[in-house]
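Per chain, numbering begins at 1; letters A, B, ... match sequence-line order.
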Amino acid sequence: MAISSPEQRLWWKQPIHGAELAWIIVVFLWGLFMFFFMIAWHFIGNQNLSTETYRVSPDSYVERVEAFADEFQATDASGNLMEEEGVPVVRPPAGGDAYLVARLWEFWPILELKVGESYRFHISSADWQHGFSLQPVNINLSVHPGYEHVLSLTPTETGVYGIVCNEFCGIGHHSMTGRIRVVE
Amino acid sequence: MATIDSGFATPDTSTYRTCGFTGLRVERQAELLIRVNAVAAVLFLAWGGLLGLSVALTRWPAVQLLPAEWFYLALTGHGANVLLFWILFFEMAVLHFASAIILGSRIATPRFAWLGFIMMVAGAVMTNYTVLRGDSSVMFTSYPPMMASQWFYLGLIIFAVGALVNVMVFFGTLVVAKNEGTYNGSVPLVTFGAITAAIIAVFTLASGAIILIPTWLWSLGLITEIDTLMYKVVWWGMGHASQQINVSAHIAIWYAIAAMCVGAKPLSEKVSRGAFLMYILFLQLASAHHLLAEPGLSSSWKIVNTSYMMYLAVMASMIHGFTVPGAIEAAQRRNGYTRGAFEWLRKAPWGHPAFSGMFMSLVMFGFIGGISGVILGTEQLNVLMHNTIYVPGHFHGTVVAGTTLAFMAMTYFVVPLIFQRDIVWPGLAKLQPYLFGLGAAGISVFMMGAGTLGVPRRQWDISLSEAALGYDFPSAAYLMMGLNGLSAILAALGGLLFILIVVASILAGPRLDRPGAKMRFPLHQGGAEAVAATGSEGSPKLPGTIILVTIFFAAFVLYYFINWKYLSELWLFQ
Amino acid sequence: MENGEKPQLERIPAMQQLLDNPFLLLFLGVTLPTVLYLIWGIMEVASVPVAH
């Protein structure tokens with residue numbers, strides 16, 4: 001039989017190659033660094049995903065978003081309510097709550113935020129799972145029905161931003177978008 | 001199940017043959033099981049790969065091959081066939097090889113192994129049929145509340161249980177081999193790697209059962225609701241951990257091919273097995289990589305799990321990334337290639353498809369799949385590319401460039417040694433790993449590039465032409481998706497070549513079961529002993545490996561901090 | 001080759017014994033992720049408060 005018996009019965013006692021040992025120490029320390037850097041970023045960084053979450057029924061969430069949109073829908077210079085492609089543009093008070101609902105197949109409503117102001121941003125789904133992908137900033141979040149996710153969000157540059165759905169949500173998935181406007 | 005009574009009964013006395021090339025004792029049932037699992041694997045790879053090509057060509061904006069409905073159907077089928085069926089069938093072959101063949105034992109309960117195999121085939125066919133029928137285009141992940149047909153879930157459950165049966169047979173074979181004394185002392189390192197894969201498979205398949213059974217009942221109307229977040233936590237216990245069966249299995253294969261092609265022995269048994277132990281304990285925690293952008297899970301849970309407990313499993317991967325090339329360098333220097341830092345590498349058997357495939361798998365798994373995986377799995381950095389096409393980019397680096405290429409490389413030994421047929425068209429066989437490897441590297445890198453530009457995964461039309469509120473992705477994103485399509489064509493050619501070579505060799509390759517027959521792509525002298533032995537290399541000089549890992553480490557650190565720089569420029573959120 | 005006539009072989013170190021025991025490894029490898037990932041994760045999901 002070709003299977004050789006172990007050359008070293010007690011292989012656990014074999015010495016470790018010097019270069020191998022050095023590499024193990026380097027990668028172990030690098031792993032520790034990466035681990036503690038994630039924790040440190042919670043203290044030194046400004047981009048940490050909030051974990052504030054509530055259980056909510058999709059219907060009552062949609063009601064709240066609609067009430068919010070009614071209350072804060074923006075008006076233009078001549079006092080007309082503002083819309084884009086039939087979607088209301090909503091101007092939440094700086095520092096206040098801003099609501100967004102993801103549903104088949106849109107992000108609703110359009111939010112108009114002030115640059116440098118912080119908002120309590122609520123997001124949830126009315127039906128299936130969706131993916132909130134803010135472009136071209138590239139902030140990507142999962143959106144669940146039944147879970148209301150609240151984060152404090154501060155836009156840092158003015159412009160018109162697209163929201164693209166990046167969780168598969170059926171045949172209309174590739175038409176599911178939204179918009180956030182950031183103004184002075 | 002009535003199926004097993006019909007003819008797979010084995011006599012109590014197992015029949016063995018002695019391999020003319022390796023001297024290994026090969027048991028008949030083990031050999032047959034490896035053959036059928038390998039053939040099933042290759043067939044599902046062909047089918048899944050074809051679907052994959054159609055997906056890539058659809059995502060090439062200038063081509064957009066399939067209509068939307070077909071695209072989502074094809075993508076669902078692609079995921080199930082290559083991420084689950086191809087990989088797990090091949091892994092079952094690897095498990096039987098690493099237990100029965102390497103240990104010179106018989107299979108513990110061949111009847112159960114056949115039962116498991118039949119269940120896997122039935123489940124895989126059932127799932128494919130359901131997907132093709134068109135009412136289950138729910139993606140491989142099948143997130144509720146989107147519902148597939150009951151047969152979709154049932155097919156997956158039957159497949160998973162069949163795989164679990166085979167894993168149990170593997171553990172049984174280990175017991176048989178030990179009790180019957182077919183080996184002395186510890187099992188060889190390759191078998192130990194397979195044990196690691198099998199342990200991860202138990203957790204994976206159990207998680208799959210825990211979540212898919214209630215989901216199946218839900219699709220039957222017996223359960224009213226599946227919690228979306230709960231589903232995602234448990235599903236990824238299967239979805240991500242299943243890919244870590246692959247990692248363990250393909251690393252075991254790296255060690256095996258290094259032994260078979262150049263006679264490499266592990267630098268240190270203790271270190272390599274210790275690294276596999278880190279996998280057993282911690283690798284599966286990385287299922288949390290898919291839940292970092294989720295609401296409702298605390299940062300503590302995310303950090304502990306996503307970091308595989310302080311990156312101990314990443315440490316293990318980087319250890320294998322040192323010890324595999326290190327073992328090859330040590331063996332090559334022993335073989336006489338001692339000049340300079342890299343003569344051992346330059347004069348490696350690059351014309352041997354098993355070696356070239358294995359070495360490319362090693363390099364690309366580390367540089368492309370490995371580094372991007374750690375970046376994606378960093379709690380805060382994940383938000384930069386969660387669910388963008390960066391994610392498929394990453395896992396094509398691990399599963400296609402890493403696992404699939406390694407499995408293909410191994411097949412160049414499985415065909416002559418287990419099917420006892422030689423490889424046909426050696427010129428094409430030499431070329432095949434390079435073609436496939438280049439294509440796989442391309443699809444990984446270009447999808448990652450497009451993901452960095454925000455392109456979503458699983459999406460039919462990035463021009464968003466049907467959306468009310470448009471958004472224009474940068475033109476570079478379109479370029480990346482086009483290059484991805486071209487790379488997919490290359491990879492598909494490499495895959496097609498692989499399948500043709502394997503099928504032709506099995507059916508019509510020169511027979512090798514005659515005395516004096518020679519393998520076209522031979523084993524290294526003493527290679528078979530090296531793969532089945534236990535023992536460390538000692539202390540050779542390894543300047544080439546040290547340079548290679550230093551380059552790797554520099555690339556890793558650089559890319560890590562580049563991503564933190566990107567993150568710090570985002571809007572502020574907490 | 002080991003010399004079978006030796007009366008007493010050196011004891012196998014504990015770590016090597018662990019690594020030679022696939023079933024102990026199986027137990028550890030299933031328990032650890034079940035506790036740290038699955039059970040802890042499900043508890044997190046279950047403890048999400050209801051919106052007021």
Does A:F35 reach the side chain of B:M309, with side-chain heavy atoms less than 4.5 Å apart?
-> no

Measure centre to centre between the rings of B:Y560 and A:W30, then say whether the value is under 6.0 Å.
-> yes

Hey, does the side chain of A:N48 reach the backbone of B:Q574 with a donor-acceptor pair shorter than 3.5 angstrom?
-> no

Option that, when pairs with chain B are counted at under 4.5 Å, heavy atom only, ranks first among A:N138, A:L151, A:T156, A:T51 = A:N138

A:F36/B:M310 under side chain to side chain contact (heavy atoms under 4.5 Å, CB included): CA gap, chis, key distance, verdict | CA-CA 8 Å; A:F36 286 109; B:M310 300 186 157; 4.1 Å; yes

N/O donor-acceptor pair under 3.5 Å between A:W41 side chain and B:L381 backbone | no

Check: B:Q380 side chain, A:M38 main-chain N or O, donor-acceptor pair, under 3.5 Å | yes

Hey, what's the ring geometry for B:Y72 with A:H174, parallel, tilted or perpendicular (30° and 60° as the breaks)?
-> parallel

Can you tell me if B:E269 uses its side chain to pair, donor with acceptor, with the backbone of A:W12 under 3.5 Å?
-> no

Donor-acceptor contact present, side-chain A:N140 to main-chain B:N387, <3.5 Å | no

Donor-acceptor contact present, side-chain B:S268 to main-chain A:I16, <3.5 Å = no

Region of A:V137 in contact with chain B, defined by heavy-atom distances below 4.5 Å | both

Where the side chain of A:H173 meets the backbone of B:Q459, is there a donor-acceptor pair that is under 3.5 Å apart?
-> no

Atom pair CD (A:Q135) and OH (B:Y471), whose distance is rounded to the nearest 0.5 Å = 5.0 Å

What residues of residues 52-59 of chain A sit under 4.5 Å from chain B when you count only heavy atoms?
-> A:T53, A:R55

Determine, stepwise, if the pair B:W571 / A:F121 fulfils ring pair (Phe, Tyr, Trp, His ring centres under 6.0 Å).
-> CA-CA 13 Å; B:W571 291 11; A:F121 177 73; 8.9 Å; no

Kindly say whether B:H386 contributes a backbone atom to a donor-acceptor pair with the side chain of A:N166 at under 3.5 angstrom?
-> yes

